[in-house]
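On a predicted model such as this, the values are computed, not experimentally measured, just so you know. We count residues from 1, following the sequence as given. First listed ligand is number 1; within each ligand, the first listed atom is number 1.
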Amino acid sequence: MTDYCRGFEDLTQEIHEPDLPLEGDWPDWLSGTLLRNGPAQFSVGDQDYNHWFDGHAMLHSFRIGDGTVSYRNRFLETQSRTEALEAGEIVRSEFATDPCMSIFGRIMSVFNPKPTDNASINVTRLDDAHVALTETPIPVAFDPETLETVGVVDYEDDVDAQMATAHPHVEPDTGRIFTYQVGFGRQSEYQICGIPPDDASRTLLASFDVDRPRYMHSFGMTERYVILSEWPLTVDPTDLLLRGEPFIENFEWQPERGTRFRVLRKSDGEEVARCTTDPAFAFHHVNAFERDGEVVCDIVTYPDASIIDELSLDRLRSDDPSPGTGNLRRYRLPLNGGTPSSHVLSDERIELPRIHEDAARAQPYDTVYGIGNRVEGDFADQLVKIDVDDGASETWYDDGTYPGEPVFVSHPDGDNEDDSVLLSVVLDPTADQSFLLVLDADSFTERARATVPHAIPFGFHGQFWQ
Ligand code: CO
(Lines give C-alpha, C1' and ligand atoms only; values in the text may rest on other atoms or scores of the structure.)
Protein backbone atom coordinates (compact mmCIF):
# COMPACT_ATOMS: atom_id res chain seq x y z
CA MET A 1 0.00 0.00 0.00
CA THR A 2 2.83 2.39 0.77
CA ASP A 3 4.43 2.00 -2.66
CA TYR A 4 3.22 5.52 -3.30
CA CYS A 5 5.94 6.80 -0.92
CA ARG A 6 8.18 6.75 -4.01
CA GLY A 7 6.31 9.93 -4.92
CA PHE A 8 7.78 11.69 -1.87
CA GLU A 9 11.42 10.83 -2.59
CA ASP A 10 13.96 13.28 -4.02
CA LEU A 11 14.50 13.53 -7.76
CA THR A 12 17.81 15.35 -8.24
CA GLN A 13 18.61 14.19 -11.78
CA GLU A 14 17.88 16.81 -14.44
CA ILE A 15 17.47 15.35 -17.93
CA HIS A 16 16.40 16.16 -21.46
CA GLU A 17 14.92 13.22 -23.31
CA PRO A 18 14.06 14.32 -26.88
CA ASP A 19 12.02 11.29 -27.91
CA LEU A 20 10.06 9.42 -25.25
CA PRO A 21 8.87 5.91 -26.10
CA LEU A 22 5.18 6.04 -26.98
CA GLU A 23 2.44 3.44 -26.72
CA GLY A 24 -1.13 3.45 -27.96
CA ASP A 25 -2.99 5.65 -30.38
CA TRP A 26 -1.20 8.98 -30.01
CA PRO A 27 -3.53 11.80 -31.19
CA ASP A 28 -1.89 13.42 -34.21
CA TRP A 29 -3.61 16.78 -33.57
CA LEU A 30 -2.14 17.09 -30.08
CA SER A 31 0.47 19.83 -30.26
CA GLY A 32 1.83 22.06 -27.52
CA THR A 33 3.60 21.96 -24.21
CA LEU A 34 2.46 20.65 -20.85
CA LEU A 35 4.36 22.45 -18.09
CA ARG A 36 4.05 21.04 -14.59
CA ASN A 37 5.31 22.17 -11.22
CA GLY A 38 5.93 20.37 -7.95
CA PRO A 39 8.43 19.68 -5.19
CA ALA A 40 11.39 17.39 -5.94
CA GLN A 41 13.87 17.71 -3.06
CA PHE A 42 12.59 17.21 0.47
CA SER A 43 15.80 17.54 2.48
CA VAL A 44 18.99 19.62 2.62
CA GLY A 45 22.06 18.24 4.39
CA ASP A 46 20.66 16.29 7.30
CA GLN A 47 17.56 18.48 7.61
CA ASP A 48 14.17 17.40 6.32
CA TYR A 49 11.37 19.65 5.19
CA ASN A 50 8.17 18.87 7.09
CA HIS A 51 5.53 18.97 4.44
CA TRP A 52 4.71 17.91 0.87
CA PHE A 53 4.24 21.63 0.08
CA ASP A 54 7.79 22.52 1.24
CA GLY A 55 10.11 20.68 -1.16
CA HIS A 56 12.23 22.53 -3.74
CA ALA A 57 10.29 23.44 -6.88
CA MET A 58 11.04 21.47 -10.04
CA LEU A 59 9.56 22.14 -13.48
CA HIS A 60 8.73 19.34 -15.93
CA SER A 61 7.92 19.96 -19.58
CA PHE A 62 6.37 17.64 -22.14
CA ARG A 63 6.67 19.12 -25.64
CA ILE A 64 4.26 17.35 -27.92
CA GLY A 65 4.07 17.58 -31.71
CA ASP A 66 4.51 15.66 -34.95
CA GLY A 67 3.86 12.42 -33.13
CA THR A 68 6.77 12.83 -30.73
CA VAL A 69 7.07 13.83 -27.10
CA SER A 70 10.18 15.34 -25.56
CA TYR A 71 10.64 15.61 -21.82
CA ARG A 72 12.78 17.90 -19.71
CA ASN A 73 12.98 18.52 -15.97
CA ARG A 74 14.87 21.20 -14.07
CA PHE A 75 14.93 22.67 -10.60
CA LEU A 76 13.79 26.25 -10.28
CA GLU A 77 16.95 28.07 -9.20
CA THR A 78 15.39 30.09 -6.41
CA GLN A 79 17.09 31.98 -3.61
CA SER A 80 15.46 29.56 -1.21
CA ARG A 81 17.14 26.59 -2.89
CA THR A 82 20.46 28.31 -3.64
CA GLU A 83 20.91 29.59 -0.08
CA ALA A 84 20.01 26.17 1.34
CA LEU A 85 22.44 24.30 -0.92
CA GLU A 86 25.23 26.78 -0.14
CA ALA A 87 24.63 26.63 3.60
CA GLY A 88 23.97 22.88 3.66
CA GLU A 89 20.85 23.56 5.72
CA ILE A 90 17.36 25.01 5.41
CA VAL A 91 17.59 28.81 5.35
CA ARG A 92 14.16 30.21 4.43
CA SER A 93 10.80 29.51 6.02
CA GLU A 94 8.42 27.43 3.97
CA PHE A 95 4.70 26.67 4.38
CA ALA A 96 5.23 24.18 7.22
CA THR A 97 8.99 24.31 7.82
CA ASP A 98 10.91 26.94 9.73
CA PRO A 99 14.72 27.00 9.78
CA CYS A 100 16.18 26.73 13.27
CA MET A 101 16.67 30.37 14.11
CA SER A 102 17.92 32.08 17.24
CA ILE A 103 15.79 34.77 18.84
CA PHE A 104 18.26 37.28 17.42
CA GLY A 105 17.92 35.80 13.96
CA ARG A 106 14.15 35.89 14.25
CA ILE A 107 14.10 39.54 15.28
CA MET A 108 16.45 40.40 12.43
CA SER A 109 14.24 38.53 10.02
CA VAL A 110 11.30 40.67 11.12
CA PHE A 111 13.25 43.76 10.06
CA ASN A 112 14.68 42.12 6.99
CA PRO A 113 12.17 39.51 5.97
CA LYS A 114 13.17 36.86 3.49
CA PRO A 115 9.95 35.25 2.34
CA THR A 116 10.35 32.09 0.33
CA ASP A 117 10.54 32.23 -3.45
CA ASN A 118 10.25 28.44 -3.70
CA ALA A 119 7.53 28.64 -6.35
CA SER A 120 6.50 24.98 -6.41
CA ILE A 121 2.71 25.09 -6.80
CA ASN A 122 1.58 26.32 -10.19
CA VAL A 123 2.62 27.94 -13.48
CA THR A 124 0.99 30.76 -15.44
CA ARG A 125 1.73 33.59 -17.88
CA LEU A 126 2.50 37.05 -16.56
CA ASP A 127 3.45 39.97 -18.79
CA ASP A 128 4.51 37.60 -21.61
CA ALA A 129 6.69 35.56 -19.27
CA HIS A 130 6.09 32.05 -18.04
CA VAL A 131 6.20 32.13 -14.25
CA ALA A 132 6.13 29.63 -11.40
CA LEU A 133 3.95 30.52 -8.42
CA THR A 134 3.71 29.78 -4.74
CA GLU A 135 1.82 31.48 -1.92
CA THR A 136 4.15 34.45 -1.60
CA PRO A 137 3.77 37.31 -4.13
CA ILE A 138 7.11 36.38 -5.73
CA PRO A 139 6.55 34.91 -9.21
CA VAL A 140 9.68 33.32 -10.67
CA ALA A 141 10.06 33.57 -14.46
CA PHE A 142 11.52 30.71 -16.48
CA ASP A 143 12.27 29.87 -20.09
CA PRO A 144 9.48 27.51 -21.23
CA GLU A 145 11.83 25.74 -23.66
CA THR A 146 14.95 25.15 -21.55
CA LEU A 147 13.21 25.52 -18.15
CA GLU A 148 16.11 27.76 -17.16
CA THR A 149 15.24 30.15 -14.36
CA VAL A 150 15.11 33.77 -15.54
CA GLY A 151 14.48 35.32 -12.15
CA VAL A 152 11.94 36.93 -9.86
CA VAL A 153 9.38 39.19 -11.56
CA ASP A 154 9.36 42.52 -9.76
CA TYR A 155 5.87 43.94 -9.86
CA GLU A 156 5.91 47.55 -11.08
CA ASP A 157 3.64 48.86 -8.35
CA ASP A 158 3.63 49.63 -4.64
CA VAL A 159 1.08 47.03 -3.54
CA ASP A 160 2.38 45.50 -0.32
CA ALA A 161 1.43 41.93 0.58
CA GLN A 162 3.07 38.92 2.19
CA MET A 163 0.81 36.17 0.91
CA ALA A 164 -0.79 35.55 -2.49
CA THR A 165 -2.78 32.76 -4.04
CA ALA A 166 -1.01 30.39 -6.44
CA HIS A 167 -4.34 30.14 -8.29
CA PRO A 168 -4.95 33.45 -10.08
CA HIS A 169 -7.87 33.66 -12.51
CA VAL A 170 -7.56 34.87 -16.08
CA GLU A 171 -10.61 36.77 -17.34
CA PRO A 172 -11.66 35.05 -20.59
CA ASP A 173 -12.39 38.11 -22.74
CA THR A 174 -9.72 40.52 -21.58
CA GLY A 175 -6.84 38.28 -20.50
CA ARG A 176 -6.71 40.30 -17.29
CA ILE A 177 -5.40 38.36 -14.31
CA PHE A 178 -7.24 38.50 -11.00
CA THR A 179 -5.40 37.56 -7.86
CA TYR A 180 -6.02 37.50 -4.15
CA GLN A 181 -3.41 38.58 -1.57
CA VAL A 182 -3.08 39.19 2.16
CA GLY A 183 -1.14 42.00 3.77
CA PHE A 184 -0.24 40.98 7.31
CA GLY A 185 0.41 43.77 9.80
CA ARG A 186 -0.92 45.71 12.76
CA GLN A 187 -3.98 46.04 10.56
CA SER A 188 -4.11 43.14 8.14
CA GLU A 189 -6.03 43.31 4.90
CA TYR A 190 -7.35 41.17 2.08
CA GLN A 191 -6.59 42.48 -1.38
CA ILE A 192 -8.09 41.70 -4.76
CA CYS A 193 -5.75 42.81 -7.54
CA GLY A 194 -6.05 43.04 -11.31
CA ILE A 195 -3.03 42.62 -13.60
CA PRO A 196 -3.31 43.61 -17.29
CA PRO A 197 -2.29 40.91 -19.81
CA ASP A 198 0.77 42.79 -21.04
CA ASP A 199 2.05 44.28 -17.83
CA ALA A 200 3.47 43.33 -14.44
CA SER A 201 1.67 45.91 -12.34
CA ARG A 202 -1.05 45.08 -9.87
CA THR A 203 -4.01 47.42 -9.46
CA LEU A 204 -5.84 47.17 -6.17
CA LEU A 205 -9.49 46.52 -7.10
CA ALA A 206 -10.61 45.98 -3.52
CA SER A 207 -8.97 45.88 -0.13
CA PHE A 208 -10.52 45.57 3.27
CA ASP A 209 -9.37 45.22 6.83
CA VAL A 210 -9.46 41.89 8.60
CA ASP A 211 -8.40 41.18 12.19
CA ARG A 212 -7.76 37.48 11.86
CA PRO A 213 -6.98 36.61 8.23
CA ARG A 214 -8.01 33.12 7.17
CA TYR A 215 -6.05 30.64 5.09
CA MET A 216 -7.42 30.52 1.54
CA HIS A 217 -5.52 28.58 -1.14
CA SER A 218 -7.79 29.68 -3.99
CA PHE A 219 -10.87 31.82 -4.70
CA GLY A 220 -13.81 31.86 -7.09
CA MET A 221 -14.66 34.12 -10.03
CA THR A 222 -17.80 34.52 -12.14
CA GLU A 223 -18.39 36.95 -15.01
CA ARG A 224 -19.09 39.85 -12.65
CA TYR A 225 -17.90 38.76 -9.23
CA VAL A 226 -14.98 37.52 -7.20
CA ILE A 227 -15.81 35.14 -4.32
CA LEU A 228 -13.67 34.79 -1.19
CA SER A 229 -14.42 31.67 0.83
CA GLU A 230 -13.16 32.29 4.34
CA TRP A 231 -12.73 28.87 5.94
CA PRO A 232 -12.44 29.19 9.73
CA LEU A 233 -8.67 28.53 9.79
CA THR A 234 -7.54 31.87 11.18
CA VAL A 235 -4.36 33.57 12.34
CA ASP A 236 -3.47 36.33 14.77
CA PRO A 237 -0.88 38.14 12.60
CA THR A 238 1.34 38.92 15.60
CA ASP A 239 1.79 35.15 16.06
CA LEU A 240 3.39 35.02 12.61
CA LEU A 241 6.08 37.38 13.88
CA LEU A 242 6.53 36.23 17.44
CA ARG A 243 5.63 32.59 17.96
CA GLY A 244 8.50 31.13 15.97
CA GLU A 245 6.34 28.41 14.41
CA PRO A 246 6.24 27.48 10.72
CA PHE A 247 3.78 29.68 8.79
CA ILE A 248 0.75 27.39 8.68
CA GLU A 249 1.10 26.24 12.29
CA ASN A 250 0.19 29.72 13.47
CA PHE A 251 -3.30 29.22 12.10
CA GLU A 252 -6.04 27.97 14.45
CA TRP A 253 -9.12 25.97 13.55
CA GLN A 254 -12.07 27.99 14.90
CA PRO A 255 -15.20 26.20 13.65
CA GLU A 256 -17.45 28.48 15.70
CA ARG A 257 -16.69 31.22 13.19
CA GLY A 258 -18.23 29.19 10.35
CA THR A 259 -17.36 29.63 6.69
CA ARG A 260 -17.89 33.20 5.51
CA PHE A 261 -18.35 33.99 1.83
CA ARG A 262 -17.78 37.47 0.46
CA VAL A 263 -19.00 38.28 -3.04
CA LEU A 264 -17.19 41.28 -4.51
CA ARG A 265 -18.11 43.08 -7.72
CA LYS A 266 -15.15 43.13 -10.12
CA SER A 267 -16.11 46.45 -11.71
CA ASP A 268 -15.86 48.55 -8.54
CA GLY A 269 -14.65 46.27 -5.73
CA GLU A 270 -17.93 46.68 -3.84
CA GLU A 271 -18.93 43.82 -1.53
CA VAL A 272 -22.42 42.91 -2.80
CA ALA A 273 -23.10 39.94 -0.53
CA ARG A 274 -21.68 38.39 2.60
CA CYS A 275 -23.02 35.23 4.21
CA THR A 276 -21.93 32.65 6.74
CA THR A 277 -22.53 28.92 6.67
CA ASP A 278 -21.22 25.72 8.27
CA PRO A 279 -17.49 25.33 8.93
CA ALA A 280 -15.50 23.47 6.29
CA PHE A 281 -12.06 23.64 4.73
CA ALA A 282 -10.87 23.59 1.14
CA PHE A 283 -7.87 24.14 -1.05
CA HIS A 284 -9.53 24.27 -4.45
CA HIS A 285 -12.38 26.17 -6.01
CA VAL A 286 -13.54 24.27 -9.10
CA ASN A 287 -15.80 26.74 -10.90
CA ALA A 288 -18.38 29.45 -10.16
CA PHE A 289 -21.18 31.09 -12.14
CA GLU A 290 -24.21 33.35 -11.75
CA ARG A 291 -27.74 31.98 -12.01
CA ASP A 292 -31.16 33.25 -10.91
CA GLY A 293 -29.99 35.89 -8.47
CA GLU A 294 -27.37 33.72 -6.85
CA VAL A 295 -23.76 32.75 -7.23
CA VAL A 296 -23.16 29.02 -7.60
CA CYS A 297 -19.73 28.04 -6.32
CA ASP A 298 -18.33 24.48 -6.61
CA ILE A 299 -15.47 23.66 -4.26
CA VAL A 300 -13.61 20.49 -3.13
CA THR A 301 -14.18 20.54 0.63
CA TYR A 302 -13.13 18.70 3.78
CA PRO A 303 -14.96 18.66 7.14
CA ASP A 304 -12.04 20.50 8.77
CA ALA A 305 -8.42 21.55 8.21
CA SER A 306 -6.80 18.34 9.49
CA ILE A 307 -5.97 17.49 5.85
CA ILE A 308 -3.08 19.98 6.13
CA ASP A 309 -1.34 17.96 8.87
CA GLU A 310 -2.20 14.75 7.06
CA LEU A 311 -0.13 15.94 4.11
CA SER A 312 3.02 16.26 6.24
CA LEU A 313 5.86 14.10 4.94
CA ASP A 314 6.18 12.09 8.17
CA ARG A 315 2.54 11.16 7.94
CA LEU A 316 2.56 10.47 4.20
CA ARG A 317 5.66 8.25 4.52
CA SER A 318 4.26 6.33 7.51
CA ASP A 319 2.16 3.17 7.46
CA ASP A 320 -0.92 5.15 8.50
CA PRO A 321 -3.73 5.22 5.94
CA SER A 322 -3.35 7.99 3.39
CA PRO A 323 -5.73 10.90 4.00
CA GLY A 324 -7.84 10.55 0.88
CA THR A 325 -9.39 13.25 -1.23
CA GLY A 326 -12.30 15.67 -0.69
CA ASN A 327 -15.95 16.10 -1.55
CA LEU A 328 -17.26 18.08 -4.48
CA ARG A 329 -19.61 20.53 -2.78
CA ARG A 330 -21.91 23.10 -4.40
CA TYR A 331 -22.54 26.34 -2.49
CA ARG A 332 -25.42 28.55 -3.52
CA LEU A 333 -24.89 32.12 -2.36
CA PRO A 334 -27.91 34.42 -2.72
CA LEU A 335 -27.10 37.95 -3.86
CA ASN A 336 -30.11 39.44 -2.04
CA GLY A 337 -28.86 38.67 1.47
CA GLY A 338 -30.71 35.37 1.92
CA THR A 339 -29.35 32.21 3.54
CA PRO A 340 -26.69 30.24 1.69
CA SER A 341 -27.05 26.50 1.17
CA SER A 342 -24.75 23.70 0.12
CA HIS A 343 -24.83 20.05 -0.82
CA VAL A 344 -22.35 17.40 -1.92
CA LEU A 345 -22.67 16.81 -5.67
CA SER A 346 -21.34 13.26 -5.83
CA ASP A 347 -20.27 10.30 -3.69
CA GLU A 348 -17.05 10.20 -5.71
CA ARG A 349 -14.06 11.71 -3.87
CA ILE A 350 -11.90 14.21 -5.75
CA GLU A 351 -8.90 16.57 -5.53
CA LEU A 352 -6.81 18.67 -7.93
CA PRO A 353 -10.02 19.47 -9.86
CA ARG A 354 -9.92 20.70 -13.46
CA ILE A 355 -12.57 21.67 -15.97
CA HIS A 356 -12.69 22.35 -19.70
CA GLU A 357 -11.64 25.91 -18.96
CA ASP A 358 -12.28 27.61 -22.31
CA ALA A 359 -15.87 26.37 -22.45
CA ALA A 360 -16.85 26.00 -18.81
CA ARG A 361 -15.08 28.71 -16.85
CA ALA A 362 -17.56 31.03 -15.08
CA GLN A 363 -20.47 29.36 -16.93
CA PRO A 364 -23.00 26.67 -16.03
CA TYR A 365 -21.14 23.49 -16.92
CA ASP A 366 -21.32 19.69 -16.82
CA THR A 367 -18.10 18.01 -15.85
CA VAL A 368 -15.26 18.09 -13.33
CA TYR A 369 -12.10 15.98 -13.66
CA GLY A 370 -9.59 15.23 -10.91
CA ILE A 371 -7.68 12.65 -8.93
CA GLY A 372 -9.57 10.38 -6.54
CA ASN A 373 -9.48 7.31 -4.33
CA ARG A 374 -10.28 3.75 -5.35
CA VAL A 375 -8.63 1.76 -2.54
CA GLU A 376 -9.44 3.06 0.95
CA GLY A 377 -6.29 4.31 2.70
CA ASP A 378 -4.22 4.44 -0.49
CA PHE A 379 -2.86 7.71 -1.86
CA ALA A 380 -4.88 9.11 -4.80
CA ASP A 381 -4.91 6.07 -7.08
CA GLN A 382 -7.37 6.93 -9.84
CA LEU A 383 -8.65 9.69 -12.09
CA VAL A 384 -12.29 10.67 -11.83
CA LYS A 385 -14.82 12.40 -14.05
CA ILE A 386 -17.91 13.70 -12.27
CA ASP A 387 -21.16 14.90 -13.82
CA VAL A 388 -22.14 17.90 -11.67
CA ASP A 389 -25.84 17.55 -12.55
CA ASP A 390 -26.47 14.00 -11.33
CA GLY A 391 -23.25 13.14 -9.46
CA ALA A 392 -22.55 10.16 -11.74
CA SER A 393 -18.87 9.37 -12.10
CA GLU A 394 -16.45 7.49 -14.28
CA THR A 395 -12.97 6.44 -13.23
CA TRP A 396 -9.65 5.45 -14.79
CA TYR A 397 -7.02 3.48 -12.91
CA ASP A 398 -4.08 1.22 -13.61
CA ASP A 399 -3.39 -1.01 -10.60
CA GLY A 400 -0.44 0.09 -8.50
CA THR A 401 -0.03 3.49 -10.20
CA TYR A 402 -0.74 7.01 -8.95
CA PRO A 403 -2.02 9.67 -11.36
CA GLY A 404 -1.57 13.42 -10.89
CA GLU A 405 -3.79 16.38 -11.80
CA PRO A 406 -5.51 15.81 -15.16
CA VAL A 407 -5.20 18.80 -17.51
CA PHE A 408 -7.94 19.16 -20.13
CA VAL A 409 -6.82 19.78 -23.72
CA SER A 410 -9.55 20.44 -26.26
CA HIS A 411 -9.31 19.46 -29.91
CA PRO A 412 -8.49 22.65 -31.85
CA ASP A 413 -11.47 22.11 -34.17
CA GLY A 414 -13.89 20.65 -31.65
CA ASP A 415 -16.24 22.59 -29.45
CA ASN A 416 -17.24 19.72 -27.19
CA GLU A 417 -15.53 16.98 -25.26
CA ASP A 418 -15.80 14.36 -27.95
CA ASP A 419 -12.37 14.75 -29.46
CA SER A 420 -10.61 16.14 -26.41
CA VAL A 421 -8.13 14.54 -24.04
CA LEU A 422 -6.79 14.81 -20.52
CA LEU A 423 -3.07 14.74 -19.75
CA SER A 424 -1.90 13.32 -16.43
CA VAL A 425 1.56 12.38 -15.15
CA VAL A 426 1.23 8.95 -13.53
CA LEU A 427 3.74 7.44 -11.10
CA ASP A 428 4.45 3.72 -11.47
CA PRO A 429 6.48 2.82 -8.34
CA THR A 430 7.03 -0.78 -9.46
CA ALA A 431 8.68 0.30 -12.71
CA ASP A 432 10.37 3.21 -10.86
CA GLN A 433 9.17 5.43 -13.68
CA SER A 434 6.41 7.88 -14.47
CA PHE A 435 4.47 8.20 -17.68
CA LEU A 436 2.41 10.86 -19.39
CA LEU A 437 -1.08 9.46 -19.84
CA VAL A 438 -3.37 10.61 -22.65
CA LEU A 439 -6.93 9.87 -21.61
CA ASP A 440 -9.89 10.22 -23.95
CA ALA A 441 -12.11 12.85 -22.26
CA ASP A 442 -15.35 11.39 -23.57
CA SER A 443 -14.93 7.65 -22.94
CA PHE A 444 -12.48 8.21 -20.06
CA THR A 445 -10.29 5.39 -21.32
CA GLU A 446 -6.57 5.34 -22.03
CA ARG A 447 -5.59 6.43 -25.47
CA ALA A 448 -1.80 6.55 -25.28
CA ARG A 449 1.14 6.98 -22.96
CA ALA A 450 4.72 8.27 -23.11
CA THR A 451 7.16 6.78 -20.61
CA VAL A 452 9.65 8.95 -18.75
CA PRO A 453 12.95 7.30 -17.73
CA HIS A 454 12.62 8.28 -14.06
CA ALA A 455 10.03 8.50 -11.30
CA ILE A 456 8.57 12.00 -10.94
CA PRO A 457 7.65 12.99 -7.36
CA PHE A 458 4.02 13.94 -6.79
CA GLY A 459 3.42 17.47 -8.06
CA PHE A 460 0.59 19.94 -7.84
CA HIS A 461 -0.51 21.90 -10.87
CA GLY A 462 0.30 22.33 -14.55
CA GLN A 463 -0.92 24.08 -17.68
CA PHE A 464 -0.99 23.17 -21.35
CA TRP A 465 -0.06 25.80 -23.91
CA GLN A 466 -0.87 25.19 -27.55
CO1 CO B 1 -3.55 24.27 -5.55
Please list every donor-acceptor pair under 3.5 Å in which a side-chain atom of residues 170-179 meets a protein atom from a residue at least two apart or in another chain.
{"residue": "Glu171", "atom": "OE1", "partner": "Thr174", "partner atom": "OG1", "Å": "2.5"}
{"residue": "Glu171", "atom": "OE2", "partner": "Lys266", "partner atom": "NZ", "Å": "2.9"}
{"residue": "Thr174", "atom": "OG1", "partner": "Arg176", "partner atom": "N", "Å": "3.0"}

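- Smallest separation of non-hydrogen atoms from Ala84 and Tyr49: CB-OH, 4.3 Å.
- Legend: residues meeting salt bridge (Lys or Arg N to Asp or Glu O under 4.0 Å) with Glu271, ordered by chain and number and at least two apart, are Arg262, Arg274.
- Between Tyr180 and Phe219, the ring-plane angle classifies as tilted under the 30° and 60° cut-offs.
- Around the Co ion (ligand 1), the protein N, O or S atoms found under 2.8 Å comprise His167 NE2, His217 NE2, His284 NE2, His461 NE2.
- A search for ring-ring contact (aromatic ring centres under 6.0 Å, His included) contacts involving Tyr331 returns Phe261, not counting sequence neighbours.
- Residues Val91 and Glu83 share a closest heavy-atom pair of CG1-OE1, 3.4 Å.
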